[in-house]
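Structure record follows, encoded as C-alpha cells.
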There are 2 protein chains.
Amino acid sequence: MSRPQRGTLRDVRKGNRSVVLWTLYFANELSRHDLARTTGLSAATVSNVIGDLIADGIVVETGSVDSDGGRPRIMLRVDPSYGYVVGVGVGETRVRVELYDLAMQERARKEFALDPSHHEPAVVARHILDGLEAVLSEAGVDESEVLGMGLGVPGVAEQGPDLLIHARAFGWDGVPLGALLREGTSIPVFADNGVKTTGQAELWFGAGKGAQHLVMTFIGTGAGASVINGGVTYRGTANGAGEWGHTKIVLDGRPCRCGSRGCLEAYIGAEAILAGAGRELKDDDEESVFAALLADPLARPAFEEAVRCLGAGLADLINLFNPERVILGGWAGSLLGREFLAEIRAAAAGYALPLPFSQASIELGRLGPEAVALGAATLVVEDFLLRSHAVRPAGRGEAPARAAGPARG
Amino acid sequence: MSRPQRGTLRDVRKGNRSVVLWTLYFANELSRHDLARTTGLSAATVSNVIGDLIADGIVVETGSVDSDGGRPRIMLRVDPSYGYVVGVGVGETRVRVELYDLAMQERARKEFALDPSHHEPAVVARHILDGLEAVLSEAGVDESEVLGMGLGVPGVAEQGPDLLIHARAFGWDGVPLGALLREGTSIPVFADNGVKTTGQAELWFGAGKGAQHLVMTFIGTGAGASVINGGVTYRGTANGAGEWGHTKIVLDGRPCRCGSRGCLEAYIGAEAILAGAGRELKDDDEESVFAALLADPLARPAFEEAVRCLGAGLADLINLFNPERVILGGWAGSLLGREFLAEIRAAAAGYALPLPFSQASIELGRLGPEAVALGAATLVVEDFLLRSHAVRPAGRGEAPARAAGPARG
DNA sequence: GGAAGTAATTTCAAATGTTAGTACAACTAC
DNA sequence: GTAGTTGTACTAACATTTGAAATTACTTCC
C-alpha cells in the first residue's frame, strides 16, 4: 500500500535527466527539439538538461545535420565510450564474461569452461574476476571506466548488500556472490536470474522491442520464464518469480528433478524430450543431439508430445499474465520454435482462453544464448540511465553490490 | 520501455498532496508532525498541503489530543463525509449496490436478484441505476456528493471511454457498460473484475493488509486469482490477467466449461467438488449443500482430492508469482480453507519449490462475498487519493467512464 | 548577393514549490 | 510562575520549470 512516490523537489531535475537520457538512449539519435516533443518537456528544460549531460560527458553532439528551411538540428547521442559495462553469463557448463560499451557494442569476450563437478562459489568468482581482468586488458579499458558488472545466474538473486544467490543446480543456497566479488574488484555488481536477464535483453534489443507486457520463456535442460509488466521485470517478493518449469501440468505425473511430480519441465525440458525419444545422454552434446533429432522422423512423436505440453504451459502463462507477446527462448525452446512454431501456437490456442489468447502473439526469440550476458549488462545500463550519477566515481568509490530489484524509489 | 515518469514541476505539489492524503487515509489519524515523519516531507510542506486539504474540506482537524510534556498535537483525518463512493458487485445471481462514505463505512445497501436467464446488459444496467438511486435516497446523499461508482464484474473490464466488459458467464462480449450507465447518471464509473476488486479489498482492509506482493485466490463455482505486486494489482495488457481457474493441471483431463480440458476449475470449482461427491444440483442452494457436505464423512474423498488439486494450483501461483502471502477467498475457497487449511498448506508445500514456498504464507481471506462491492468502491477511493481533484465537480462535470487500470501517468 | 522566411536553441523573467531555520503557541512539571 | 518540551506557522533562500522573446543558422526567393 505504498503507492505514491517521493516528494522532494530537486528530484524533479534528476527525474527529467533520466527521462531525457532514457529517451535519447533508446532513440539513438535525437535533436533537442525532438527530445522536447518526445518527452513532453519544454525546450528550455531539455536544453538545460542536455547542457548538464554534455558537461558531464555523457551526451555528445554528433554533427549538426538536416534542415528543412531553417536552422539545422544538432543531433545528440549518448557517448558510447562514456563508460563500459560488463555482462557475465554464468551457465551450468561455462562462465562467459563480456565487455560492452554503452551502445552495447561488444568490445571483448572471455569464456571459461565450468567443470560440472566444480561449482564452488570461489571457483565461479575466480572465473568472473579473471574474465573481468582479461576483457579489460584486451579492450584496453581501465577498471575506473566501468560503470558496473551484471551477472546472469542460474538461480535466484536476492537483493541486499551481499547479493545472495540461490542456485539449486550449483548447490548454492544463499551464496554471497556480491561479497565474494567485492574482494577482487571495486566495480558495482548487479545480478539477476539468467532467464530474467535474457528477458530484458529481448525486451531491449530483440523480439520484445516495443512491448509493454511480455513473457519470455526459456527452455533448455530446464524451463523458466521472465515476465515483463509495463516494461519492468516482474520479480515478486524475493525476486523469485517466474518458476514456470515447475508448474504442475500433469497432477502427480512424471517425477521431476525438483522432487515434485508432474512439472512442466519434466515434459518439455530437453532431457525429457530426449528421453521420450529414447536417448539418454550426457550433458555435453545434448544440444547437437537434440538438433539432429529434430530431423529424425522416428523422434516425431516425442516432439509432438512436447509441443502439446508446451502449448499447455504457454496457455497457463497467457491465462495468468495476459501478455501481449510470448517469446520462445532458450536453446531447446529456440530449436522447437524454429521447427514447430505453428504447431505450438495451435496447441496453445487449444488450451488458452480465447480472449487472452487473441491478445497475445507467440514469437521466436531473436537473441541467442549469449543474451544472458547481454541482458546482465543491461542491468548496469538501466541503473545508469535511471540514476545517472552526475559524475561517476573517478577514483575509488565504495562498490555497492546490489541485486537488480524492484527497489526503485 | 517507458519507465521514467513525467517531468513537470507543479506535479510535485500534486504528488505530495497525494502522498500526504494517502498516508493520512490509511493511518486514520495523524498529526502534521507525524505526517512529516512518515512521509519524509518537511514540516513546512506538510503544513502547506494540509492547509490546502483543509481548505478543500477533504481533511478535518479532530480535536487536539495527547501530549508528552509539550504542545498537544492536532489530530487530522480525512473527513469521512467529504464525499461518498458507490460499490457495485455484479454476480451471477445478484447485483448488489452499496454506498459508503470515505471511511468505507456502509451507509446504504440495495440488492437485486438476477434471473440467471436474463443477463442482458440493459437489465444489469437498469439494476445498477435503480440501486444507485435507492441507496442515495436511503442515505439522503445527493448525486453530486458521490465521487464515483466502482463496479466489480464477473469478467474482464477493458479500459477505455466505453468501459467494455467481457463476461463469458453473461454472454457479454465487449459490452459498453460504461456508456450504458452514462445514460442514467453522470457519476464517474470505474470497473474491474470482481476477483480483482475483492483482492484490493483484502489488500486494504483484510488479510492482505501491509503486504506488497500477494495473490488473492477466489474459488466459487469457478476459480480466479488477483495478483498484487508492489501494492498494485497486476493487470497485464488488457486487464485480463489472473485467469487461474483455467490453468491446466491435468493434461487433457476433465472437460471444463471453458471448452478446454484439465483446467484447475474442473477440479476445485464448487460444482466439480460436489459432482465428485455425487451431488449434481441447481445453482441456488449450492453453497448450503457444499457447507453441509463438509461435515459428511462420505464426502471426504472428494474434498481430499480437491485439496490436493488446490495445493497444486497454489503451488503454481507461488512458483510463478513468488508472493509473500496467498489468500484463500471466494465462498467455496473460504469454506475449504476453514476446514482444511493445514491440509491445503501441506499439499502446496509438496508441489511448490521450497524457496518460494518458504517465502509465502497461505491464509484465509477475512472478508466475505460482499467484498466484491467493497473492493469496487475502493477503486474510486484509490483514484480520489491519487489524484484528488482539488475541488470535485460541484455541479455537472462530464462523467469520465474509465476502467481501473494501469494508466497511471 | 541580399532580404525574407523558417526552424532550432538559448536566454530571461516570472511562477511555483520545497526547505531550513526561526518564531510562536500550548501544554507539563517542578 | 518559570523552565522545558513539543507541535505548528512563518519567512527568506534557493531550485527548477516554463512560456515568450531573442538569437542563431540555415534555405529560398527575387
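In what follows, chains carry the letters A, B, and so on, assigned in the order in which the sequence lines appear, proteins first and then strands, with residues in each chain numbered from 1.
- Going from atom CZ of R32(A) over to atom P of dT24(D) covers 15 Å, rounded to whole Å.
- Look at R73(A) and E61(A) and you find no salt bridge, because none of the NZ, NE, NH1 or NH2 atoms lies under 4.0 Å from a carboxylate O.
- Closest to the side chain of S47(A), from the set dT9(C), dT6(D), dT18(D), is dT9(C).
- Rounded to an integer number of Å, the gap from CG of L30(B) to P of dT8(D) is 11 Å.
- Taking the six-membered ring wherever Trp is involved, the centroid distance between the rings of F26(A) and F205(A) does not fall below 6.0 Å.
- Listed candidates were dA25(D), dA9(D), dA26(C). Nearest to the side chain of P72(B) is dA26(C).
- Rounded to whole Å, atom P of dT5(D) lies 15 Å from atom NE2 of H33(B).
- By the 4.5 Å heavy-atom criterion applied to side chains, I187(B) and E143(B) are counted as neighbours.
- Among dT19(C), dG17(C), dC12(C), the nucleotide with an atom closest to any side-chain atom of A44(A) is dC12(C).
- Summarising the geometry, the separation between CG on N48(A) and P on dA15(D) is reported as 14 Å, rounded to the nearest angstrom.
- Atom CD1 in I74(B) sits about 10 Å away from atom C1' in dA26(C), given to the nearest Å.
- In this structure, of dT9(C), dG17(C), dT17(D), it is dG17(C) that holds the atom nearest to the side chain of R13(B).
- Taking only side-chain atoms of T45(A), from C-beta outward, the nucleotide of dT18(D), dA8(C), dT6(D) with the closest atom is dT18(D).
- Checked against a 6.0 Å centroid threshold, the rings of F384(A) and Y82(A) count as neighbours.
- Between the C1' atom of dT17(D) and the NZ atom of K14(B) lies a distance of 17 Å, rounded to the nearest Å.
- When distances are taken from the side chain of N16(B) to each of dT18(C), dT17(D), dT8(D), the shortest belongs to dT18(C).
- If you check dA7(C), dT8(D), dG19(D) against the side chain of S31(B), the one that comes closest is dT8(D).
- Distance CG (D34(B)) to P (dT8(D)): 8 Å, rounded to an integer number of Å.
- When the nucleotides dA7(C), dT10(C), dT16(D) are ranked by their closest atom to the side chain of A43(A), dT10(C) comes out on top.
- For the pair L41(B) CG and dA20(C) C1', the interatomic distance rounds to 14 Å; values are reported in whole Å.
- The pair R235(A)-E158(A) does not meet the salt-bridge criterion, since no charged nitrogen lies less than 4.0 angstrom from a carboxylate oxygen.
- Phosphate proximity of dT9(C) to R71(A): absent, as no side-chain N or O sits under 4.0 Å from OP1 or OP2.
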